[in-house]
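Every heavy atom of this structure was used, including side-chain atoms; hydrogens, water molecules and symmetry mates were not. Letters A, B, ... mirror the listed sequences (proteins, then strands); counts begin at 1.
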Amino acid sequence: MPCRSTKSSASAPAAMNILKPAFRITIWCWKSNLLKETIMSQKPAAPQQVTDSNALVEAKIENLKHLQARGVNPFPYRFDVSAFADDLQKKHEKLENGAMTEERVSVAGRIMAYRNSGMFIDLRDATGKIQIFSHKQSLPPELLEQLKFYDIGDIIGVTGIVRRTPPGELTINAEKLEMLSKSVRPLPEKYHGIHDTEIKYRQRYLDLITNEGSRETFRKRSAIIAYVRQILTGEQFMEVETPMLHPIAGGANAKPFSTHHNALDMKLYLRIAPELYLKRLVIGGFDRVFEINRCFRNEGISVKHNPEFTSVEIYQAYADYNDMMSLTERIVEGACKAVNHGQTKVSFGDREIDFKAPWARKTMVELVQEKTGVDFTTIPDAAAAAEKAKLLGIPTKPGSNWGEVVEAIFAEKVEAELIQPIHIVDLPKDISPLAKVHRTNENLTERFESYANGWEIANAFSELTDPFDQLARFKDQMSAREKGNDEAQMLDEDFVEALEYGMPPTGGLGIGLDRLVMLLTNSASIRDVIAFPTLRHVTK
RNA sequence: GAUUCCGUAGCUCAGCGGUAGAGCAUCUGACUUUUAAUCAGAGGGUCCUGGGUUCAAAUCCCAGCGGGAUCACCA
């Protein structure tokens with residue numbers, strides 16, 4: 001807890017005793033360390049109240065009091081851990097059943113199971129599980145006595161000798177036990193764990209304590225992000241941070257969250273994309289930058305959408321969208337191997353997806369033609385294209401431009417069938433205001449979106465570097481906004497000015513990391529890969 | 001936002017008009033090389049909330065709250 005005040009007090013320690021407990025906390029903040037320790041070493045108030053109570057809680061509090069009565073602090077400060085469960089399991093993999101070692105270790109973790117009146121405890125730490133054996137042969141009588149007051153859910157430290165029991169369980173023969181934190185609430189059922197999705201999301205810690213699958217998902221999420229960082233820094237990309245509070249919400253077509261800065265009396269938006277700031281850094285001379293970023297979009301929540309989500313945006317000067325395709329493949333294939341035992345194939349539901357590079361590449365209009373038989377490049381007029389779409393059974397919004405019509409048909413007819421990884425290339429200019437016009441077709445841009453499992457997982461362009469064209473595109477977006485499209489982009493004149501100083505030809509790439517984690521962990525919902533997904537607030 | 005399904009003990013779930021149930025967890029005791037430990041016993045409920053129908057509602061109907069799924073918007 002931050003202690004911001006340096007103010008000292010002349011109050012004598014003795015005076016503290018007459019203060020009510022709640023008031024003491026306030027005072028802690030301005031005390032010297034010495035005085036703080038004096039206060040903290042005082043016996044804490046008898047713990048009798050939790051936020052709500054029942055017989056199960058009371059039973060644990062009783063055990064806590066028993067420990068205190070024996071002089072045990074149920075919430076001590078530290079413990080010297082010398083080994084982790086999984087390391088021990090691996091190290092002694094070949095230890096024979098019934099064999100002893102001479103290795104004395106100290107482990108710490110949560111009691112997950114308690115058998116034979118505590119003689120056998122399953123202890124779990126961050127890496128895995130190990131059994132603890134408490135017996136009068138090695139454990140002093142007073143500790144054997146304390147063991148009665150240990151409960152499932154308590155966090156304890158254990159020191160002892162590693163052995164393997166005759167039935168084959170790697171075990172520590174406890175010579176010393178130490179209560180490290182008393183749990184006063186019952187853990188969920190040990191066999192089934194937490195199934196209630198609401199508890200899983202609102203009290204993620206309970207999900208993590210009880211469900212190995214959830215722990216594994218979040219470990220893989222971390223490994224995937226670590227891999228992305230590793231491959232990019234290995235290729236001389238520089239990790240940077242750009243603002244999350246934007247005076248203009250740019251870089252994507254989306255509804256922003258808005259807020260207000262009091263001191264500046266200024267409206268600010270939570271960023272919908274870091275794109276325009278990252279490009280400013282490229283203009284500044286950082287030729288290869290990336291940001292693993294949280295974005296915020298004030299839109300619907302679904303199995304694939306959370307209001308805040310994580311992506312990585314990458315910019316590489318002197319590269320184009322072809323380079324970005326191969327970079328996408330390197331990142332995704334490599335991340336897949338990193339969490340999938342070196343394999344490029346993963347199961348997702350009843351599907352198998354193979355991320356092995358190179359991926360297929362097809363243009364958007366080509367795929368639309370494959371599905372509908374209509375070559376929309378021969379119908380460049382928006383109204384005629386919309387008419388054709390209607391004949392295909394896909395109504396478009398009135399006033400849609402050509403690109404929006406093509407995109408709508410693509411979304412309706414093609415998208416869901418893009419199961420194996422594929423780059424959809426050369427998207428319409430109308431829907432790509434930050435991408436460079438295609439070098440051979442003025443209605444298209446050098447932009448691609450990568451799909452897998454029917455989901456967009458990456459979006460990239462040869463970045464638009466021409467300030468005159470960029471200004472024109474922004475103006476088109478502005479007129480779309482005026483016509484009621486509240487997701488059209490805002491005009492960012494400062495960004496155009498930056499382009500006027502000269503931006504090198506640049507390839508830019510964004511990858512949705514939550515969706516990538518979903519694919520690589522066989523997770524059906526984005527809420528299963530975001531530790532604390534956005535939920536409605538509930539007051540208990 | 002629309003449609004639809006769900007909400008019962010701390011957890012996982014049965015019950016679906018007629019006295020509120022099981023397993024785990026908890027408590028008491030037994031046992032002591034177990035591993036979803038076992039054995040004997042006990043306690044534990046706002047059946048999400050509020051209305052309604054009925055002799056009788058956890059159960060049927062309506063509304064609300066929360067959650068899931070699908071759709072729309074979107075990545």
Item checked: Spacing between A:I209 atom CD1 and B:G10 atom P, to the nearest angstrom -> 18 Å
Next item on the list: Identify whether any heavy atom of A:K60 sits under 4.0 Å from a base atom; if not, whether one sits that close to sugar-phosphate; answer base, sugar-phosphate or nothing.
Entry: nothing
Item checked: A:Q131 side chain, from C-beta outward: closest of B:A75, B:U34, B:U12 -> B:U34
Checklist line | Pair A:E449, A:H423: side-chain N/O donor-acceptor within cut-off below 3.5 Å | finding: no
Notebook entry, point to check: Does a salt bridge link A:R70 with A:E142, judged by any charged N lying under 4.0 Å from a carboxylate O?
Noted result: no
Checklist line | Minimum-distance nucleotide to A:T165 side chain [options: B:U35, B:G67, B:A75] | finding: B:U35
Check: How far does the C1' atom of B:C24 sit from the matching atom of B:U33, given to the nearest Å?
Finding: 23 Å
Next item on the list: Select one nucleotide: of B:A69, B:C73, B:U33, the one nearest the side-chain heavy atoms of A:S525.
Entry: B:A69
Notebook entry, point to check: How far, in whole Å, is B:G45 from B:A36 if one measures between their C1' atoms?
Noted result: 26 Å
Notebook entry, point to check: If you measure from the Lys or Arg side-chain nitrogens to the Asp or Glu carboxylate oxygens, is any gap between A:R115 and A:D122 under 4.0 Å?
Noted result: yes
Check: If you check the A:N116 side chain, which of B:C73, B:A25, B:A37 turns out closest?
Finding: B:A37
Checklist line | Per A:E169 side chain, nearest of listed nucleotides B:U34, B:A75, B:G68 | finding: B:U34
Notebook entry, point to check: Do A:N173 and A:S138 get their side chains close enough for a donor-acceptor pair, meaning under 3.5 Å?
Noted result: no
Protein-nucleic acid N or O pairs under 3.5 Å, nucleotides 40-49 of chain B:
none

Next item on the list: Among B:G67, B:U33, B:U35, find the nucleotide with the atom closest to the side chain of A:R536.
Entry: B:G67
Next item on the list: Rounded off to whole Å, could you give me the CD-to-C1' distance for the A:E456 and B:C73 pair?
Entry: 14 Å
Notebook entry, point to check: Going by number, which of residues 403-430 of chain A have a non-hydrogen atom under 4.0 Å from RNA chain B?
Noted result: none
Notebook entry, point to check: Going by number, which of residues 186-193 of chain A have a non-hydrogen atom under 4.0 Å from RNA chain B?
Noted result: A:P186, A:P188, A:E189, A:K190, A:Y191, A:H192, A:G193
Checklist line | Whole-Å gap separating C1' (B:U34) and CD1 (A:I130) | finding: 15 Å
Notebook entry, point to check: Just how far, in rounded Å, is P of B:C73 from CD1 of A:I272?
Noted result: 18 Å
Check: In whole angstroms, how far is the P atom of B:G10 from the CG atom of A:D151?
Finding: 17 Å
Note to self: Say we look at B:C27 and B:G44: how far apart would their C1' atoms be, to the nearest angstrom?
What the structure shows: 10 Å
Next item on the list: Quick one: list whatever passes side chain to side chain donor-acceptor pair (under 3.5 Å) with A:R351, sequence neighbours left out.
Entry: A:N453
Next item on the list: Would you mind telling me which residue lines up with the more 5' stretch of RNA chain B, A:I152 or A:D514, judged by nearest nucleotide?
Entry: A:I152
Note to self: Between B:C71 and B:C13, how far apart are the two C1' atoms, rounded to whole Å?
What the structure shows: 31 Å
Note to self: Please classify the nucleic acid contact of A:S311 as base, sugar-phosphate, or nothing, using heavy-atom distances under 4.0 Å.
What the structure shows: nothing
Next item on the list: For B:U38 and B:A25, measure between their P atoms and round to the nearest Å.
Entry: 7 Å
Margin query: Suppose you measure atom P in B:G41 against the same atom in B:U34; what distance do you get, rounded to whole Å?
Written below: 24 Å
Checklist line | Complement of B:U34, any strand, by Watson-Crick or G-U distances under 3.5 angstrom | finding: none
Note to self: Between A:N293 and A:E313, is there a side-chain donor-acceptor contact under 3.5 Å, judged purely by atom types and distance?
What the structure shows: no
Notebook entry, point to check: Across the strands shown, which category fits A:G300 at heavy-atom distances under 4.0 angstrom: base, sugar-phosphate, nothing?
Noted result: base
Next item on the list: For nucleotides B:C39 and B:G23, find the distance between their P atoms and express it as a whole number of Å.
Entry: 11 Å
Item checked: Nearest to side-chain heavy atoms of A:N63, which nucleotide of B:U35, B:C27, B:G67 -> B:C27
Next item on the list: Rounded off to whole Å, could you give me the NE2-to-P distance for the A:H195 and B:C6 pair?
Entry: 19 Å
Note to self: If I take atom CD in residue A:E198 and atom C1' in nucleotide B:C11, what distance separates them, rounded to the nearest angstrom?
What the structure shows: 15 Å
Next item on the list: Pick base, sugar-phosphate or nothing for A:I199, based on heavy-atom distances below 4.0 Å to the nucleic acid.
Entry: sugar-phosphate
Check: So which pairs with a foot in residues 507-531 of chain A pass side-chain hydrogen bond (donor to acceptor under 3.5 Å, both in side chains), sequence neighbours left out?
Finding: A:Y201-A:D528, A:R221-A:D514, A:H305-A:R515, A:T521-A:S523
Checklist line | Test: A:R163 cationic atom under 6.0 Å from A:F133 six-membered ring centre, within 45° of axis | finding: yes
Checklist line | Selected nucleotide, minimal atom distance to A:I194 side chain, candidates B:U12, B:G66, B:U33 | finding: B:U12
Next item on the list: Please state the P separation for the pair B:A58 and B:U28 - nearest whole angstrom.
Entry: 34 Å
Next item on the list: Please answer whether B:A75 and A:W455 are stacked, defined here as ring centres separated by less than 5.5 Å and planes angled under 30°.
Entry: no
Margin query: Taking side chain to side chain donor-acceptor pair (under 3.5 Å) as the definition, give me every residue that meets it alongside A:K255, ordered by chain and number, with sequence neighbours left out.
Written below: A:E487
